[in-house]
Amino acid sequence: MSEAQCLFCRIASGEIPATVVFEDEHVLAFRDIDPKAPTHILVIPRNHVTSLATAQAGHGDLLGRILLTAAELARAEGIAENGYRTVLNTGADGGQSVHHLHLHLLGGRAMGWPPG
Ligand code: 5GP
Ligand code: ZN
């Protein structure tokens with residue numbers, strides 16, 4: 001799929017609306033359209049990266065920013081104290097349905113383990 005057709009590239013460019021909760025020049029965070037927990041936010045790189053499996057060593061700073069953005073948003077959402085789940089679904093067996101790297105921030109309820 002070309003980046004022009006990528007759903008999350010289109011959200012990052014503003015072409016498709018989303019409820020954005022944070023953005024800077026590197027990352028964008030917005031609420032999941034079908035939330036699986038009281039707080040369900042997706043944190044993505046602005047520039048297209050298909051998945052963790054295709055990330056390169058040069059993406060290290062970006063991946064760190066994505067994780068730290070999730071931690072900051074967890075504080076802002078009031079879920080940091082009780083805890084939360086951060087998830088990167090990768091590829092078919094990982095359950096990835098949108099092929100633009102995204103970190104799920106889930107919280108506001110207790111999570112089960114192991115995941116399905
Ligand atoms: P994945 O299954 O790839 O790990 O996660 C993709 C996530 O994107 C799902 O949780 C799904 O609900 C969410 N999603 C799919 N389409 C849209 C959309 O158009 N807008 C928003 N905000 N979230 C979406
Ligand atoms: Zn993309």
Side-chain angles (χ1 to χ4, degrees):
M1 180 197 290
S2 79
E3 291 173 29
Q5 292 171 317
C6 169
L7 175 63
F8 286 176
C9 281
R10 294 170 77 191
I11 287 177
S13 72
E15 184 189 338
I16 292 177
T19 304
V20 173
V21 293
F22 176 80
E23 61 183 315
D24 67 16
E25 64 180 304
H26 304 287
V27 307
L28 182 76
F30 53 93
R31 297 199 188 276
D32 196 290
I33 202 167
D34 180 20
K36 309 300 190 296
T39 291
H40 189 173
I41 292 170
L42 303 173
V43 187
I44 69 168
R46 266 193 188 284
N47 293 327
H48 186 86
V49 179
T50 302
S51 77
L52 188 62
T54 64
Q56 309 287 312
H59 290 123
D61 181 64
L62 182 61
L63 292 168
R65 287 175 183 275
I66 287 169
L67 281 168
L68 291 170
T69 297
E72 185 58 38
L73 288 170
R75 285 188 281 273
E77 292 281 311
I79 58 174
E81 196 169 321
N82 280 357
Y84 52 87
R85 181 72 54 83
T86 46
V87 177
L88 281 168
N89 293 328
T90 302
D93 278 4
Q96 184 177 7
S97 62
V98 177
H99 298 282
H100 179 130
L101 190 151
H102 51 281
L103 181 140
H104 296 259
L105 168 64
L106 297 144
R109 66 169 173 82
M111 302 290 152
W113 191 264

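In listed order, ligands and their atoms are each counted from 1. Note that the structure is predicted; figures quoted are calculated from it, not measured. Side chains are part of it too, since the values below use all heavy atoms of this structure and drop only hydrogens, waters and symmetry mates.
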Check: Which pair of heavy atoms, one from P45 and one from H100, lies closest together, and at what distance?
Finding: O-NE2, 2.8 Å
Check: Using a heavy-atom cut-off of under 4.0 Å, does the side chain or the backbone of H104 touch ligand 1, or both, or neither?
Finding: side chain
Next item on the list: Report yes if some heavy atom in the side chain of Y84 is under 4.5 Å from a heavy atom in the side chain of L105; otherwise report no.
Entry: yes
Note to self: Evaluate E77 against R31 for salt bridge (charged side-chain N to carboxylate O under 4.0 Å, His left out), listing each step before the verdict.
What the structure shows: CA-CA 12 Å; E77 292 281 311; R31 297 199 188 276; 2.8 Å; yes
Checklist line | Criterion side-chain contact (heavy atoms from CB on, under 4.5 Å) on H40 and H104, from CA distance to verdict | finding: CA-CA 7 Å; H40 189 173; H104 296 259; 2.8 Å; yes
Check: Which atoms of the protein, restricted to N, O or S, are nearer than 2.8 Å to the Zn ion (ligand 2)?
Finding: C6 SG, C9 SG, H48 ND1, H100 ND1
Margin query: Please check if the number of heavy atoms outside D93 that lie under 6.0 Å from its CG is greater than 12.
Written below: no
Checklist line | Worked check of side-chain contact (heavy atoms from CB on, under 4.5 Å) between K36 and L106 | finding: CA-CA 7 Å; K36 309 300 190 296; L106 297 144; 4.1 Å; yes
Next item on the list: State yes or no: do L67 and V21 share one hydrophobic cluster built from I, L, V, M, F, W and Y residues joined by side-chain heavy-atom distances below 4.5 Å, directly or via other members?
Entry: yes
Notebook entry, point to check: Side chain or backbone of L42 under 4.0 Å from ligand 1, or both, or neither, by non-hydrogen atoms?
Noted result: side chain
Note to self: So if I count the atoms of ligand 1 from 1 in the order they appear, which ones are less than 4.0 Å from some heavy atom of H102?
What the structure shows: 1 (P), 3 (O), 4 (O), 5 (O), 6 (C)
Margin query: Within ligand 1, which atoms have a heavy atom of D34 less than 4.0 Å away?
Written below: 12 (O)
Next item on the list: Take T90 and Q96 through the test side-chain hydrogen bond (donor to acceptor under 3.5 Å, both in side chains) and record every step on the way to the result.
Entry: CA-CA 5 Å; T90 302; Q96 184 177 7; 5.0 Å; no
Next item on the list: Output yes when the distance from some N or O of ligand 1 to some N or O of G95 is under 3.5 Å, and no in every other case.
Entry: yes
Margin query: Is the ring pair F8/H102 parallel, tilted or perpendicular, if the boundaries are 30 and 60 degrees?
Written below: perpendicular
Next item on the list: Can you sort out which atoms of ligand 1 are near F8, meaning under 4.0 Å from one of its heavy atoms?
Entry: 8 (O)
Notebook entry, point to check: Looking only at N/O atoms, are A18 and ligand 1 under 3.5 Å apart anywhere?
Noted result: no
Next item on the list: Please work out whether any backbone atom (N, CA, C, O) or any side-chain heavy atom from C-beta onward of V87 is under 4.0 Å from ligand 1, and answer side chain, backbone, both or neither.
Entry: neither
Next item on the list: For E81, look at atom CD and say whether over 12 heavy atoms of other residues, nucleotides or ligands are found less than 6.0 Å away.
Entry: no
Check: Purely on distance, is any nitrogen or oxygen of H40 under 3.5 Å from one on ligand 1?
Finding: no
Notebook entry, point to check: Got more than 12 heavy atoms from elsewhere within 6.0 Å of CG, N89?
Noted result: yes
Check: Which heavy-atom pair separates I79 from G107 by the least distance, and what is that distance?
Finding: CD1-CA, 3.8 Å
Notebook entry, point to check: Any idea which protein heavy atom is nearest atom 2 (O) of ligand 1, and the distance to it?
Noted result: S97 OG, 2.9 Å
Notebook entry, point to check: Side chain, backbone, both or neither: which part of I33 comes within less than 4.0 Å of ligand 1 when only heavy atoms are counted?
Noted result: both
Check: What's the verdict on side-chain contact (heavy atoms from CB on, under 4.5 Å) for V87 and L103, showing C-alpha distance, side-chain angles and the deciding distance?
Finding: CA-CA 6 Å; V87 177; L103 181 140; over 6 Å; no
Next item on the list: Return the residue, atom name and 0.1 Å-rounded distance of the protein heavy atom closest to atom 22 (N) of ligand 1.
Entry: R31 O, 2.9 Å
Next item on the list: Give the numbers and elements of all ligand 1 atoms closer than 4.0 Å to a heavy atom of L7.
Entry: 16 (N), 17 (C), 19 (O)
Note to self: Give me the nearest non-hydrogen protein atom to atom 13 (C) of ligand 1 as residue plus atom name, then the distance to 0.1 Å.
What the structure shows: D32 OD2, 3.3 Å
Note to self: Does any N or O of ligand 1 fall below 3.5 Å from an N or O anywhere on Q96, backbone included?
What the structure shows: no
